Amino acid sequence: MPGKTYVQTRINGEPVDFLAEPRQSLLECLRDVIGLTGSKEGCNDGNCGACTVEMDGRIVTSCLVLGVEAEGSDITTIEGIAEGSELHPVQQAFLENAALQCGICTPGFIVATKALLDHNPDPTEHEIRFWLANNLCRCTGYDKIVRAVQDAASRMQEASA
Amino acid sequence: MHWIDFTSPHSVREAVELLNDANGSARVLAGGTDLLVQLRGGRFDDVNLVVDGKNIPELNEITYDPEGGLTLGAAVPCYRIYGNAAISRAYPGLIDSASLIGGTQIQGRASFGGNLCNSTPSGDSIPAMIAHSAVANIEGPDGHRHVAVEDFCTGPGSNVLGRGEMLVSISFPAPTSGFGANYMRFIPRNEMDIAVAGAGTSVVLDGDTIKSARVALAAVAPTPLYVSAIGDAIAGKPANDDTLAEAGQMAKDAATPITDMRGTIEYRKHLCDVLTRRSLQIAIDRAKENA
Ligand SMILES: Cc1cc2nc3c(=O)[nH]c(=O)nc-3n(C[C@H](O)[C@H](O)[C@H](O)COP(=O)(O)OP(=O)(O)OC[C@H]3O[C@@H](n4cnc5c(N)ncnc54)[C@H](O)[C@@H]3O)c2cc1C
Ligand code: FES
Ligand code: FES
């Protein structure tokens with residue numbers, strides 16, 4: 001049985017190297033090896049989106065990526081969304097619109113929402129709901145999440161105007 | 001998950017050698033959206049080597065030219081398919097499928113090659129590929145061979161790939177003028193579900209007459225089902241409701257679905273009729289725009 005693999009990545013803008021067993025998911029590596037526990041495990045089979053991270057410019061469910069596949073890639077997790085102690089407008093909008101209750105889905109929603117607004121600054125409600133279809137929430141009923149995304153979109157547009 | 005080894009070859013040759021040496025205990029990894037779930041679920045307990053296909057150039061390429069057609073690398077994820085302007089113009093059925101597999105995150109990883117090699121009857125890209133006359137380009141220890149996509153799957157979860165063989169790419173002929181295609185499925189939700197039934201269709205129109213047509217169905221037989229008889233029957237007929245009704249009825253008759261938690265035999269057969277008619281209508285509308 002061969003040992004662990006040495007993996008070199010950039011996570012939240014910093015170089016991060018880690019040792020992974022080939023069978024470990026990127027989510028396990030983030031949480032258990034690197035200690036970034038913001039990404040959550042809901043289902044471990046790609047359905048709930050709680051483990052969403054951005055990898056080389058695309059959002060993915062990190063439970064369906066092997067840690068060893070991350071070699072050479074650039075990853076953003078929920079820990080990389082705020083700028084220092086300043087919350088990102090998406091985070092602020094989720095807080096102020098009460099778009100979370102238990103909060104386990106929230107990191108995934110925020111990473112996915114930021115990616116949406118980065119490439120589509122003014123999405124329709126339809127576009128928001130389809131983009132976020134891979135993120136499940138058992139608490140809020142989604143409506144407050146959609147309002148928060150709309151609010152974040154207008155905050156970000158105002159800020160860049 | 002049990003222990004696995006991981007390797008990331010840079011050429012098809014190398015990958016084929018690894019697969020051949022492993023003799024069934026290795027699996028190719030594309031987006032992993034089926035494979036990782038299955039490895040965790042115990043379906044592949046005999047597998048101890050994962051061979052990543054994503055560093056092999058041929059598996060990652062999209063090449064298109066208006067004469068020669070399209071070649072889609074087996075590991076190209078859905079978002080690159082619907083993000084490609086040439087494909088969206090010339091291969092609309094592929095865009096329909098790529099945009100409804102999973103959600104945004106799954107589309108960031110899931111490939112048509114993985115969908116085809118996973119070989120479930122409900123694979124949403126497969127009927128669209130059949131409608132677009134796709135051919136699977138396979139490489140193995142004895143060289144390459146080409147298999148029409150409608151002949152690729154041999155049963156639920158099984159296909160024609162033999163020892164040491166892998167899918168390299170999928171080729172699509174260049175569509176002629178008057179060509180249109182579509183894929184649609186029925187699910188009880190708006191997204192993120194497995195097809196109860198699906199229909200992939202294409203037509204070539206000459207004015208208001210159907211010159212040729214192809215219809216394939218999802219989730220209503222042990223494999224994705226190409227119903228070649230429909231194309232034979234409606235070629236030469238006017239593109240109108242009567243012709244579509246005939247096609248729908250033939251789809252219903254050809255389907256051999258099972259009853260499960262997603263739907264009954266009767267319901268699925270009915271869906272084949274409805275989906276075939278609706279899908280052909282969209283293919284016809286698109287063909288007219290393309291005349
Ligand atoms: C949340 C979720 C939602 C989903 N929704 C849908 C849906 O709506 N419609 C749908 O059809 N599917 C859906 N799927 C299933 C899956 O995403 C698709 O089947 C996808 O296309 C698989 O592609 P992949 O690149 O991830 O394949 P992988 O998981 O990498 O591979 C799939 C299988 O094919 C084999 N394989 C892959 N590439 C090759 C190759 N080049 N040569 C030989 N063998 C190969 C692998 O060994 C494996 O057995 C969903 C999955 C999840 C987790
Ligand atoms: S934990 Fe990854 S999608 Fe649910
Ligand atoms: S806030 Fe509890 S699951 Fe979304």
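Chain naming here is simple, since letters A, B, ... match the order of the sequence lines and numbering starts at 1 in each. Here the structure is a predicted model, which means the values were calculated and not measured.
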A:Gly3 and B:Trp3 have their tightest heavy-atom pair at O-CZ2, 3.8 Å
Assert top hit (heavy-atom pairs under 4.5 Å, partner chain B, pool A:Asn135, A:Leu116, A:Asn44, A:Thr5) equals A:Asn44
The reported gap from CG in B:Leu36 to CD in A:Glu69 (rounded to nearest 0.5 angstrom) is 6.5 Å
pair B:Arg109-A:Leu64: side-chain heavy atoms closer than 4.5 Å:
no
If one checks every heavy atom of A:Ala115 against chain B at 4.5 Å, the contacting part turns out to be neither
Under 4.5 Å to a heavy atom of chain A? For B:Leu39 that would be neither
Between the CD atom in B:Gln105 and the CG atom in A:Asn47, the distance rounded to the nearest 0.5 Å is 11.0 Å
Okay, A:Arg23 and chain B: the region with an atom under 4.5 Å from a heavy atom over there is both
Quiz item: For atom CZ of B:Arg278, is the number of surrounding heavy atoms from other residues, nucleotides or ligands below 6.0 Å larger than 12?
Solution: no
When you measure from the side chain of A:Asn134 to the backbone N and O of B:Gly102, does any donor-acceptor pair fall under 3.5 Å?
no
Original post:
Considering only heavy atoms from C-beta outward, does the side chain of B:Leu29 approach that of A:Leu66 to under 4.5 Å?
Top reply: yes
**Message:** Other residues, nucleotides and ligands only: do more than 12 of their heavy atoms fall within 6.0 Å of CZ on B:Arg43?
**Reply:** yes
In short, B:Arg40 meets A:Cys63 closest at the heavy-atom pair NH2-O, 2.6 Å
dist A:Glu21:CD -> B:Ile4:CD1 (nearest 0.5 Å) comes out at 10.0 Å
Ranked by heavy-atom pairs below 4.5 Å to chain B, first place among A:Val65, A:Thr61, A:Asp45 goes to A:Val65
